[in-house]
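Please read these numbers as outputs of a predicted model, since none were measured by experiment. Counting convention: from 1, in listed order, for ligands and their atoms alike.
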Amino acid sequence: MSAPEIATLLDEASAGYRRAGRFAWRFARFKLNRDPAFRGILRLGLLQDRASLLDLGCGQGLLAAWLLAARACQASERAGDWPSAWPAPPRLIFYMGIELNPAEARRARVALEAQGERFKVVEGDIDAIPFPPVDAVVILDVLHYLEHPRQEEVLRRVRAALAPEGLLLLRVGDAAGGSGFRLSKIMDRTVALFRTGHWRPLWCRTLAEWRTLLGNLGFSITSIPMSEGTPFTNTLLVAQCG
Ligand SMILES: C[S@@+](CC[C@H](N)C(=O)[O-])C[C@H]1O[C@@H](n2cnc3c(N)ncnc32)[C@H](O)[C@@H]1O
């Protein structure tokens, strides 16, 4: 069940995944409804006025579908399509997602195909693909799949790709987060096992270590707990350039 205030938004955001198959559609509805990050990004206006977006480890492109649907719902004249207390969603003119898993990248492309060239999903490793200049970068639950030096290099390149007032939204687990953290680690490793066929090690850090890493790159950071309604201890780091 979805909250009534986001029922239309959820229908709109998941609609394109019907073309990508039953799994893609069901997963989109489940994740967009249950993961507090999607709702939180809109409710808190975290990407407000950001026109170009880079989504690293974009999975099946849910963030792009969600932001497009938000724009459509906000423009709708039907009462109840858009929560009246929420700020205006961003009006994206450019989106690039990078995704390693070919099946995820394909689902993202199918769902976003109506957007044409300005919304693209590139299949490959975020290590290897150049980042275009953008207003905002979003990385949700991805960097712990990379060894620490690779995380540092990706974040350094993110900083270089961002405009002077640019923004990074980075969701991470807190390695000092106790049982919630351990549970999310088990979940992530199990999902990776099903998707890739082998156990993947994870390279985690405490929240304090993530903040230090971002601070050393010149970001000003705000932490927002972002695991409401889940048993995990995830945090969204809002990292502002300048
Ligand atoms: C937990 S999922 C999150 C997906 C998406 N960010 C979301 O919130 O819906 C992590 C994603 O990161 C991708 N990923 C992991 N390592 C990657 C890499 N080196 N380059 C590109 N994508 C990667 C995985 O294939 C997976 O789709």
Side-chain angles (χ1 to χ4, degrees), residues 10 13-14 16-17 20 23-42 46-47 53-69 95-112 120-131 136-158 161 168-173 181 183-204 224 226-230 232-237:
L10 193 57
S14 54
Y17 291 97
F23 170 82
W25 179 73
R26 290 176 78 104
F27 182 74
R29 293 192 65 84
F30 174 80
K31 183 110 194 264
L32 291 172
N33 190 26
R34 294 293 180 87
D35 184 335
F38 295 98
R39 219 175 295 194
I41 285 171
L42 289 179
L46 297 179
L47 291 174
L53 186 64
L54 177 62
D55 186 2
L56 299 181
C58 66
Q60 63 175 41
L62 293 176
L63 181 63
W66 182 247
L67 296 178
L68 285 165
Y95 168 89
M96 178 169 158
I98 302 177
E99 172 53 47
L100 190 60
N101 183 316
E104 298 272 12
R106 186 195 66 80
R107 290 194 279 268
R109 283 204 201 99
V110 171
L112 300 173
K120 57 178 162 193
V121 176
V122 179
E123 184 187 318
D125 196 314
I126 55 179
D127 275 346
I129 292 168
F131 301 161
V137 177
V138 178
I139 314 176
L140 297 178
D141 312 332
V142 178
L143 281 191
H144 58 314
Y145 292 111
L146 277 62
E147 297 90 331
H148 284 170
R150 291 172 68 202
Q151 294 174 359
E152 287 150 25
E153 178 59 11
V154 165
L155 289 174
R156 194 193 57 71
R157 290 172 54 221
V158 163
L168 164 66
L169 298 182
L170 171 66
R171 187 165 66 176
V172 292
F181 170 72
L183 186 63
S184 65
K185 215 172 150 184
I186 292 167
M187 276 278 291
D188 285 351
R189 294 193 75 193
T190 307
V191 170
L193 175 66
F194 278 109
R195 286 184 175 162
T196 65
H198 55 266
W199 280 107
R200 284 185 72 170
L202 299 175
W203 288 273
C204 305
I224 305 177
M226 201 52 81
S227 41
E228 189 189 344
T230 77
F232 311 130
T233 50
N234 293 326
T235 298
L236 189 68
L237 294 165

Trainee: Please enumerate all residues that pass salt bridge (Lys or Arg N to Asp or Glu O under 4.0 Å) together with R150, with sequence neighbours excluded.
Mentor: D125, D127, E147
Trainee: To the nearest 0.5 Å, what is the distance between CD on Q151 and NE2 on H144?
Mentor: 9.5 Å
Trainee: Only one of L46, V138, V172, L170 clears side-chain contact (heavy atoms from CB on, under 4.5 Å) with L236; which?
Mentor: L46
Trainee: How about CZ on R26, more than 12 heavy atoms from neighbouring residues, nucleotides or ligands closer than 6.0 Å, or not?
Mentor: no
Trainee: Tell me if a side-chain donor or acceptor on R157 pairs with a main-chain N or O of I126 at a distance below 3.5 Å.
Mentor: yes
Trainee: Counting N and O atoms only, with roles assigned by atom type, does the side chain of R107 sit under 3.5 Å from a partner on the main chain of Y17, one being a donor and the other an acceptor?
Mentor: no
Trainee: Polar pairs, ligand 1 vs protein, N/O only, below 3.5 Å.
Mentor:
residue, atom, partner, partner atom, Å
ligand 1, 6 (N), G57, O, 2.8
ligand 1, 6 (N), L140, O, 3.1
ligand 1, 8 (O), K31, NZ, 3.2
ligand 1, 9 (O), K31, NZ, 3.1
ligand 1, 19 (N), D125, OD1, 3.0
ligand 1, 20 (N), I126, N, 3.1
ligand 1, 22 (N), L100, N, 3.2
ligand 1, 25 (O), E99, OE2, 2.5
ligand 1, 27 (O), E99, OE1, 2.9
ligand 1, 27 (O), E99, OE2, 3.1

